[in-house]
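Computed from heavy atoms alone, side chains included, the values below leave out hydrogens, waters and symmetry copies. Position 1 is the first residue of the sequence, and the numbers go up from there.
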Amino acid sequence: MKKKTSFTTKGNSAAVGPLSIQRMLPNRYANKVGPFVFLDYVPPVVKETITKNGMGAHPHRGIATLTYILQGEVEHFDSAGNEAIIHSGGAQWMKAGNGIIHDENLNYDSRTESKFIQGFQFWINLPAINKAENPAHIAVQANEIPKKTLPNESGWLKVIVGNYEELSSSIPNYSEQFLYHIQLKAGTQFSVAIENETEVAAFLPMQNVALNGTEFQAGEFIEFDKLAGEIEINNTSLTTVDVLLFGGEEYKEPIVAEGPFVMNSQAEIAIAYRDFHAGKYGEIKSTAQK
């Protein structure tokens, strides 16, 4: 049985520092998909200048941030002392836990001749018990992301978060969750089976794609129902297409989101702000900002 579409949206345009982005989640229809409570998409754009001093240091608490960069490089630094640079195709995960301040430099990839940047940032809501843990950070380069060739060499599937068949991401799971990047060659198709009561959405960053027999446009965010079934991806175009598929089990604890914090009550939000203003999240001491 094929899963049915619940809604589609193209999100809203917004600015993050010097970047123009599309905010896909939350949207007018949904505040979350499984544990994912936020998704910003940076469409392909040429970046001529180099950012060296960060895009604006800011705090987080109660979530894990996940950056997946298709083109470009991201330099991360935070108040827990973590520093790393990921390049095109890489991902980085930061557990904010009980509070952290972080910043990033997003630039074109110094290892390639391209000056394009393109990528995603997700926020993954942590279960209440994990919101109290200390911060952590993981950087995963492109060649470290689990990847498999699809049947008949029709394309490939990368596991950014979670598991797929024999593949497992190194990014921790605190609930059932997944993020797949699927690329299909022209004239091919591929199906993914989704279990019952799983919240799942697709995002089409660059091309029109047919999902379960309906063609959707580039830039669309499509959420599906929670009944068990398949999502069939059909590429009827003359070029390769890319699809991000993500979701997981429903987050059933209360959610209160305000600014950069996602907690379980308004009182916890107040504490998050109080601790931040009291300096309990530390400060960034990074060579990247000197």
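Here Asn107 contributes atom CG and Lys115 contributes atom NZ; the two are 11.0 Å apart, rounded to the nearest 0.5 Å.
In this structure, the side chains of Asp275 and Tyr273 stay at 4.5 Å or more apart for every pair of heavy atoms. Met24 has its side chain within reach of Gln22: a pair of non-hydrogen atoms, C-beta onward, lies under 4.5 Å apart. A 4.5 Å side-chain heavy-atom check between Leu211 and Lys3 finds every atom pair outside the cut-off. Looking only at side-chain heavy atoms (C-beta outward), Lys147 and Leu157 stay at 4.5 Å or farther from each other.
Salt-bridge annotation for Lys4 and Asp225: absent, with no side-chain N of the basic residue lying under 4.0 Å from a carboxylate O of the acidic one. Classification of Lys148 and Glu165 as a salt-bridged pair holds, one side-chain N sitting under 4.0 Å from a carboxylate O. Glu73 has no carboxylate O lying under 4.0 Å from a charged side-chain N of Arg111, or vice versa, which leaves the two without a salt bridge. Here Lys226 pairs with Glu250 in a salt bridge; the nearest charged N to carboxylate O distance falls below 4.0 Å.
Between the side chain of Thr67 and the backbone N or O of Ala91, no donor-acceptor pair lies under 3.5 Å. Here the side chain of Thr51 pairs no donor or acceptor atom with the backbone of Asn105 at under 3.5 angstrom.
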Apply ring-ring contact (aromatic ring centres under 6.0 Å, His included) to His102 and Phe77, showing your working. CA-CA 6 Å; His102 82 128; Phe77 32 98; 8.9 Å; no
Run the numbers on Met263 and Lys131 for side chain to side chain contact (heavy atoms under 4.5 Å, CB included), then give the verdict. CA-CA 8 Å; Met263 304 301 292; Lys131 291 180 185 291; 4.1 Å; yes
From CA spacing to verdict: ring-ring contact (aromatic ring centres under 6.0 Å, His included), Phe203, Phe221: CA-CA 5 Å; Phe203 178 63; Phe221 174 106; 7.2 Å; no
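Cation-pi check for Lys47 over Tyr108 is not met; the charged atom does not lie both under 6.0 angstrom from the ring centroid and within 45 degrees of its normal. In this structure, Lys158 forms a cation-pi arrangement with Trp156, its terminal cationic atom sitting closer than 6.0 Å to the ring centre and no more than 45° off the ring axis.
The hydrophobic cluster containing Leu126 does not contain Trp123, counting ILVMFWY residues as joined when their side-chain heavy atoms lie under 4.5 angstrom apart, directly or transitively.
Counting heavy atoms of neighbouring residues, nucleotides and ligands inside a 6.0 Å radius, atom CD1 of Ile50 exceeds 12 of them. At most 12 heavy atoms of other shown residues, nucleotides or ligands fall within 6.0 angstrom of atom CD in Glu195. For CG of Asn196, the number of neighbouring non-hydrogen atoms (other residues, nucleotides, ligands) closer than 6.0 Å is greater than 12. Atom CD of Glu166 is surrounded by more than 12 heavy atoms from other residues, nucleotides or ligands within 6.0 Å.
Judged as a side chain to side chain donor-acceptor pair (under 3.5 Å), and not counting sequence neighbours, Glu113 has no contacts.
When ring centroids are compared, Phe122 and Phe246 come within the 6.0 Å threshold. For an aromatic pair to be called close, the ring centres must be under 6.0 Å apart, and His60 with Phe261 fails this. The aromatic ring centroids of Tyr164 and Tyr180 lie less than 6.0 Å from each other.
Nearest heavy atom pair, residue Ala202 against residue Val243, reads CB-CG1, 4.2 Å.
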